Amino acid sequence: MSSLTKAVMVTFDYSQRGKSGTGLAAASLLTACKHHKNYKSEFFIEHLAIQMPNESMPTLTTEDIFQQLESKYGVKNIDRLILACYVWSTHLIEPLINLCKKNGFQGKTILGGYQIVEETCMQLYPSADYYISSYAELALPLAILHKEENTILSTGKIINKNMDKDEDFQNLPSPYLDGTYPLDQNQKMIHWETHRGCIFKCNFCLHRDIKTNQVFDLDQSRIIRELSLFKSMNIQKINVLDPVFNRGPHHKAVLREAIRIKLESQLCLQVRFELIDDEFLSLCSQLNVHMEFGLQTAIKEEYVTIERPNNLKKVSEAIELLQEYNQSFEVSLIYGLPKQTLDSFIESIDFLTSHGITNIKAFPLMLLEGTELKEKKAEFGLKEGHIDDSGIPHVIESNTFSHTDWLSMHRIASNLGKQQKGEIA
């Protein structure tokens, strides 16, 4: 009898704005593997979480990651090396694969994450063996068990087992309920999801499933049981990763259940202005809710270009309603957008401040693999550069703003929240 296939999944946990879903994503994949019919009879999986450096930490090198792998597992003993490919880890992937092979790794490498897009993944990471695009809970166990002679998976290096049906998501096991994602009593913060995908098609974003453009709701009984667990553990803050929480038929039911069990955790919700109504705000007012609105821009030419339409009349009405309910919320913008100028960025800020909003944040544009905007970057003259030690490239120049203009936008963004209305310059 052959020995079990040993898989090691490496994730790179860099929590930008405290909103990274990496921890929950890894736990969901581990849970899917553990519930597979062949788990522990044909394969098993372990997880190595690599902490990406912040400003106070030294730069992370491939040698550092290799040493952690080698000391904990021994790369010669690994049969499947699974690497999470995100914009902040992409520069580490190919060198790490080659370093492992140089030191005796003879297994197969499996890559997944937002950077894995069928059209470009083999060019980005030519040394890998298998690539999983989109949601990977069904595909990862198949990739681990994949053998060259397996004709069922005849698509070559791309492992195609996409989750594209409601039942795929309804049957997903919960990493919280089975203990894969352990919780501590009074834990300060966790990530959570009630659905996957996004109903909108912003051309800079990868929250939506770019292959199916669908949104899938997770099983409601699972959500109810998870909320009960969070209540019993007295979780302090629940960061809900749903790209637009207030869409679809179930979001109000989730809030009603939270009210029923007297949930005291702070719920941080990503929501859309145009979908706000009295009933939703009334429910939120009975809980500890903070809302995050990604307006991105108030300039029509810009939001049309990024395919992120904003109905500013409805936005204004929603802001007034939010203020009537004294609802805690913040609004975020993006700078570095195509067709944006320094003046138009300030105009977007002025639109918000004129409505009495002071909790405004702005973030630099990133061009993500597989997005339409990345493919069109030459059309808009979008030029990228590194603005910090994260290794993540951001747009720093375009046809409509110079790098000097961008530096001014960057300075304004850094000062948001520190300045009073009328002081932005």
Side-chain angles (χ1 to χ4, degrees), residues 1-12 21-49 69 72-73 75 77-86 93 97 100 105-118 121-122 125 128-182 193 196-197 209 211-212 216 218-219 222:
M1 181 178 177
S2 61
S3 59
L4 296 181
T5 297
K6 179 177 181 177
V8 175
M9 179 169 65
V10 182
T11 60
F12 303 89
T22 303
L24 179 56
S28 186
L29 292 172
L30 291 168
T31 295
C33 287
K34 291 175 181 179
H35 286 259
H36 190 272
K37 62 181 181 179
N38 298 120
Y39 188 69
K40 287 196 174 177
S41 64
E42 293 189 28
F43 78 99
F44 69 100
I45 187 168
E46 298 192 38
H47 177 218
L48 175 64
L69 272 170
K72 190 167 184 179
Y73 306 106
V75 294
N77 301 319
I78 299 173
D79 300 307
R80 299 289 185 268
L81 180 60
I82 305 154
L83 302 176
C85 302
Y86 294 97
I93 302 302
I97 295 172
C100 287
F105 170 68
Q106 295 183 337
K108 302 291 185 181
T109 51
I110 302 168
L111 306 187
Y114 283 137
Q115 287 288 104
I116 302 303
V117 178
E118 289 189 21
C121 59
M122 293 186 187
Y125 315 108
D129 295 290
Y130 303 116
Y131 309 84
I132 300 174
S133 62
S134 191
Y135 309 129
E137 280 92 345
L138 296 182
L140 183 56
L142 294 179
I144 293 171
L145 294 169
H146 188 243
K147 296 178 174 58
E148 298 299 336
E149 64 271 17
N150 189 342
T151 57
I152 297 175
L153 300 174
S154 58
T155 54
K157 291 190 170 187
I158 306 293
I159 303 296
N160 272 319
K161 184 61 176 175
N162 290 322
M163 299 175 63
D164 53 12
K165 300 186 292 295
D166 287 322
E167 53 263 37
D168 292 335
F169 290 86
Q170 294 294 310
N171 294 327
L172 277 181
S174 166
Y176 288 115
L177 297 176
D178 76 356
T180 300
Y181 196 135
E193 61 179 349
R196 295 261 186 99
D209 182 346
K211 296 193 71 65
T212 68
F216 300 97
L218 297 178
D219 180 64
R222 163 183 163 169

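No hydrogens, no waters, no symmetry mates; every other heavy atom, side chains included, goes into these values. Just so it is clear, the structure is predicted and the values come from calculations on it, not from any experiment.
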Tyr73: partners by ring-ring contact (aromatic ring centres under 6.0 Å, His included), with sequence neighbours left out: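 Once residues adjacent in sequence are excluded, Tyr73 has no partner under the ring-ring contact (aromatic ring centres under 6.0 Å, His included) criterion.
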Got a donor-acceptor contact below 3.5 angstrom from the [X] side chain to the [Y] backbone?
{"X": "Arg222", "Y": "Leu172", "result": "yes"}
{"X": "Tyr131", "Y": "Tyr125", "result": "yes"}
{"X": "Ser28", "Y": "Ala25", "result": "no"}
{"X": "Thr109", "Y": "Asp129", "result": "yes"}

First locate atom [atom1] of [X], then atom [atom2] of [Y], and finally report the distance between them rounded to the nearest 0.5 Å.
{"X": "Glu137", "Y": "Leu30", "atom1": "CD", "atom2": "CG", "answer": "10.5 Å"}
{"X": "Lys108", "Y": "Thr5", "atom1": "NZ", "atom2": "OG1", "answer": "12.0 Å"}
{"X": "Met9", "Y": "Leu83", "atom1": "CE", "atom2": "CG", "answer": "10.5 Å"}
{"X": "Leu140", "Y": "Ile82", "atom1": "CG", "atom2": "CD1", "answer": "4.5 Å"}
{"X": "Leu218", "Y": "Gln170", "atom1": "CG", "atom2": "CD", "answer": "7.5 Å"}
{"X": "Thr11", "Y": "Leu48", "atom1": "OG1", "atom2": "CG", "answer": "7.5 Å"}

Any residue meeting side chain to side chain contact (heavy atoms under 4.5 Å, CB included) with Asp178, in chain and number order, not counting sequence neighbours: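 Asp178 satisfies side chain to side chain contact (heavy atoms under 4.5 Å, CB included) with Thr31, His35, Thr180 only.
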Smallest separation among heavy atoms of Ala136 and Pro141, with atom names: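 Here Ala136 and Pro141 meet closest at O-CD, 4.4 Å.
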Heavy-atom pair of closest approach, residues Ile93 and Ala84: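 Between these two residues, the closest heavy atoms are CD1-O, 3.8 Å.
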Ring centroid separation Tyr135 to Phe169 under 6.0 Å: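 Aromatic pair counts; centres sit under 6.0 Å.
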Working for side chain to side chain contact (heavy atoms under 4.5 Å, CB included), residues Leu81 and Val10: CA-CA 8 Å; Leu81 180 60; Val10 182; 4.0 Å; yes
